[in-house]
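In what follows, every heavy atom counts, from backbone to side chain, and hydrogens, waters and symmetry copies are set aside.
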Amino acid sequence: EWNLGDPVKSYIRKGDGLGGSQFNLYKKAFFSNNAVIARQENWRNTADCTPWPYTGFFSVDKPVTGWETIKSKFIGTGKGYDNPQEVRVGKCEDNNFWSMAEYPRCVLQNTLHIKNHETRTLVYTLGMARDSAELQKIIFKYRNIALAESSLKNLKNYYNDFVDNSVTVHTPDSNND
C-alpha cells in the first residue's frame with residue numbers, strides 16, 4: 001500500500017485544527033498500463049490551477065489483477081490494516097480516486113499460482129517523474145529483476161556510505177568513538 005500525502009492531514013475534520021488541505025480536492029489517482037498514476041492537478045493556489053510538476057506512480061512487473069486507491073474501500077467500514085476488507089474478499093474493487101476529502105492510497109493486487117517449494121519474485125516500483133515519457137521509461141526499466149536487485153543494492157550501499165561518512169562522534173572516552 002502507498003499513501004500519497006501527509007497522513008496527519010488525511011481527512012478534513014471541522015474545527016479541530018488538523019483539517020486536510022483544500023488541495024485534497026485536486027488529487028487524482030488512476031490505473032493505467034499496469035500502474036497507478038497519481039497527480040496533483042492544482043498546486044500552490046486555487047487561482048491559477050497549476051498542476052504539481054511531478055507525477056507519482058506505483059507499478060509491478062507482473063500483470064495487475066486488481067487495484068484500489070480509496071482507503072475506506074480497501075480497509076472497509078470498522079476494519080483495520082490487520083484484516084482489510086478487500087484482502088478478506090480476495091479482490092480489489094478497481095476504484096480510481098478523484099477529488100475526495102482524503103489522500104489517495106494505492107494497493108496493487110497480483111494473482112500468482114505457485115507450486116510447492118517454488119518461488120517467484122515481483123518487482124514493485126514506487127516513484128515520481130516529470131512527464132509520462134520518463135514515467136514509462138522508469139517503470140519499464142525496473143521490470144528487469146536483475147537490474148532492480150542491482151539498483152536496490154547500489155542504493156543501499158550509497159546510503160550506508162553516506163551515513164558512515166556523514167556522522168562523526170567524539171567523546172571523552174576514545175574507546176566509544
Side-chain angles (χ1 to χ4, degrees), residues 1-10 21 23-24 26-43 50-75 80-100 102-115 118-164 166:
E1 182 202 7
W2 155 56
N3 173 30
L4 177 68
D6 179 351
V8 173
K9 294 183 178 180
S10 292
S21 166
F23 296 108
N24 284 357
Y26 300 96
K27 286 180 173 45
K28 185 176 190 177
F30 58 94
F31 186 78
S32 176
N33 295 324
N34 215 57
V36 169
I37 311 299
R39 294 192 181 129
Q40 173 79 22
E41 301 293 349
N42 186 16
W43 181 54
T50 303
W52 193 51
Y54 294 95
T55 298
F57 63 90
F58 187 44
S59 69
V60 62
D61 67 323
K62 304 291 187 276
V64 170
T65 55
W67 73 90
E68 187 59 75
T69 63
I70 301 170
K71 178 183 175 184
S72 58
K73 296 280 188 181
F74 177 67
I75 292 180
Y81 283 108
D82 59 334
N83 193 17
Q85 173 71 23
E86 289 184 349
V87 172
R88 281 194 339 272
V89 170
K91 176 73 177 126
C92 289
E93 292 184 12
D94 303 344
N95 288 301
N96 292 323
F97 181 99
W98 172 241
S99 190
M100 300 177 78
E102 63 179 73
Y103 286 97
R105 306 302 206 272
C106 178
V107 176
L108 296 176
Q109 178 181 356
N110 298 95
T111 302
L112 301 174
H113 301 283
I114 300 174
K115 298 175 185 171
E118 180 182 13
T119 61
R120 298 269 183 97
T121 299
L122 284 81
V123 178
Y124 288 88
T125 306
L126 175 65
M128 287 191 293
R130 282 215 179 253
D131 59 53
S132 48
E134 180 187 11
L135 183 146
Q136 291 302 321
K137 183 179 172 185
I138 294 168
I139 289 173
F140 183 76
K141 176 180 179 179
Y142 292 108
R143 286 187 179 164
N144 177 319
I145 292 173
L147 178 64
E149 288 175 343
S150 170
S151 295
L152 182 59
K153 180 181 176 186
N154 290 341
L155 182 66
K156 287 178 181 179
N157 288 340
Y158 171 83
Y159 279 103
N160 285 336
D161 185 58
F162 179 78
V163 170
D164 289 346
S166 297

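Between Leu108 and Trp67, the shortest heavy-atom distance links the atoms CD2-CB, 4.1 Å. Between Phe57 and Met128, the closest heavy-atom pair is CE2-N, 3.5 Å. In plain terms, the two heavy atoms of Gln109 and Gly90 that are nearest each other are NE2-O, 3.0 Å. Closest approach of Cys92 to Glu86, counting heavy atoms only: CA-OE1, 3.4 Å. Nearest approach of Asp82 to Pro84, heavy atoms of both residues: C-CD, 3.8 Å. Taking all atoms of both residues into account, the shortest heavy-atom contact from Ile138 to Ala129 is CD1-CB, 4.4 Å.
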Which donor-acceptor pairs under 3.5 Å do the side chains of residues 146-155 make with protein atoms, sequence neighbours left out?
from: Ser151; atom 1: OG; to: Leu147; atom 2: O; distance (Å): 2.9
from: Asn154; atom 1: ND2; to: Ser150; atom 2: O; distance (Å): 3.4

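Checked by atom type and distance alone, the side chain of Gln40 never pairs as donor or acceptor with a backbone atom of Trp52 at under 3.5 Å. Without hydrogens or angle criteria, Arg39 side chain to Phe30 main chain gives no donor-acceptor distance under 3.5 Å. At distances below 3.5 Å, at least one donor-acceptor pair connects side-chain atoms of Asn110 with backbone N or O atoms of Pro63. Counting only distance, with no hydrogens or angles, the side chain of Thr69 and the backbone of Asn95 share a donor-acceptor pair below 3.5 Å. Using modelled atom types, no side-chain atom of Arg105 and backbone atom of Glu68 make a donor-acceptor pair closer than 3.5 Å. Under a 3.5 Å cut-off, the side chain of Thr125 and the backbone N or O of Ile139 do not form any donor-acceptor pair.
Here salt bridge (charged side-chain N to carboxylate O under 4.0 Å, His left out) pairs that include residues 58-67, with residues two or more places apart or in two chains, number zero. Residue pairs that meet the ring-ring contact (aromatic ring centres under 6.0 Å, His included) test with at least one member in residues 131-163, sequence neighbours left out, do not exist here.
Contact of the Val107 side chain with the Phe58 side chain is not registered, since no non-hydrogen atoms from C-beta on lie closer than 4.5 Å. Looking at Tyr54 and Arg130, their side chains come closer than 4.5 Å, going by heavy atoms from C-beta outward.
Residues satisfying the side chain to side chain donor-acceptor pair (under 3.5 Å) test with Thr50, not counting sequence neighbours, are Asp48. Asp131 pairs by the salt bridge (Lys or Arg N to Asp or Glu O under 4.0 Å) definition with nothing, not counting sequence neighbours. Residues passing the salt bridge (Lys or Arg N to Asp or Glu O under 4.0 Å) test with Lys91 are Asp94, sequence neighbours excluded.
Here the CD atom belonging to Glu118 is positioned 11.0 Å from the NE2 atom belonging to His113, to the nearest 0.5 angstrom.
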**Prompt:** For Asn34 and Ser59, what are the C-alpha separation, side-chain angles and deciding distance, and is it a side chain to side chain contact (heavy atoms under 4.5 Å, CB included)?
**Reply:** CA-CA 6 Å; Asn34 215 57; Ser59 69; 5.8 Å; no
